[in-house]
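A, B, ... follow the sequence lines: proteins, then strands. Residue 1 opens every chain.
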Amino acid sequence: MPTLPIDDENAALYTIGQVADMLGVQLAFLRRLDEQRVIVPVRSAGGQRRYTRREIGQVAETLALIEEGVTLAGVRHVLTLRHRVAQLESDLAELRQERRVDSGRVARG
DNA sequence: GTTCTTACA
DNA sequence: TGTAAGAA
């Protein structure tokens, strides 16, 4: 079954206006996050920002962190570290899976 | 009608 | 951070 865009958390489908309405934030705020490299959405052919559901979630996360007093620069580090952790976790899961396969295989040749 | 950039309070 | 001007 093909992966539908509506099911893809990483599909860039939302305009800045839609995101601003959903989260109740200003258009300028989202542009600021882009400028500060906290949340950097892809651009459409016309140069307009397009947000993925994942990024929308990250914006919400950013809102929470800011309420805790974290600066935008701090939020940027949190998000990048979180991305690295997720990458390491998937790599680790893959290695563990390979180890299971190896240990379950009968030595031969 | 929306979004973009840049500038300013 | 919010608001405004002018262009796309």
Sort me out a list of protein N/O and nucleotides 2-4 of chain C N/O pairs below 3.5 Å, or just none if empty.
from, atom 1, to, atom 2, distance (Å)
C:dG2, N7, A:Arg32, NH1, 2.8
C:dG2, O6, A:Arg32, NH1, 3.1
C:dG2, O6, A:Arg32, NH2, 3.2
C:dT3, OP2, A:Gln26, OE1, 2.6

May I ask you to say whether A:Arg54 pairs ionically with A:Glu9, meaning some side-chain N is under 4.0 Å from a carboxylate O? yes
Donor on one side chain, acceptor on other, A:Arg100 and A:Gln97, under 3.5 Å: yes
Is a side-chain donor or acceptor of A:Arg76 paired with a backbone partner of A:Gln36 at a separation under 3.5 angstrom? yes
Proximity to the side chain of A:Gln48 - top-ranked nucleotide from B:dT3, B:dT6, B:dT5: B:dT3
Quickly work out the A:Leu27 CG to C:dA5 P distance and round it to whole Å. 16 Å
Among B:dT5, B:dT6, B:dT3, find the nucleotide with the atom closest to the side chain of A:Arg43. B:dT5
Any A:Arg49 side-chain N or O less than 4.0 Å from OP1/OP2 of B:dC4: yes
Between B:dT2 (C1') and A:Leu30 (CG): distance, integer Å: 14 Å
Atom OH of A:Tyr14 and atom P of B:dT2 are separated, to the nearest Å, by 18 Å
Charged N-O contact under 4.0 Å between A:Arg43 and A:Asp34: yes
Flag the pair A:Asp8 / A:Thr52 as yes when at least one side-chain heavy-atom distance between them is below 4.5 Å, and no otherwise. no
Please determine whether a side-chain nitrogen or oxygen atom of A:Thr15 lies at a distance below 4.0 Å from atom OP1 or OP2 of B:dT3. yes
So does A:Thr15 get a backbone contact from the side chain of A:Gln18, meaning a donor-acceptor N/O pair under 3.5 Å? yes
Distance in angstrom units between A:Glu35 CD and C:dT1 P, rounded: 12 Å
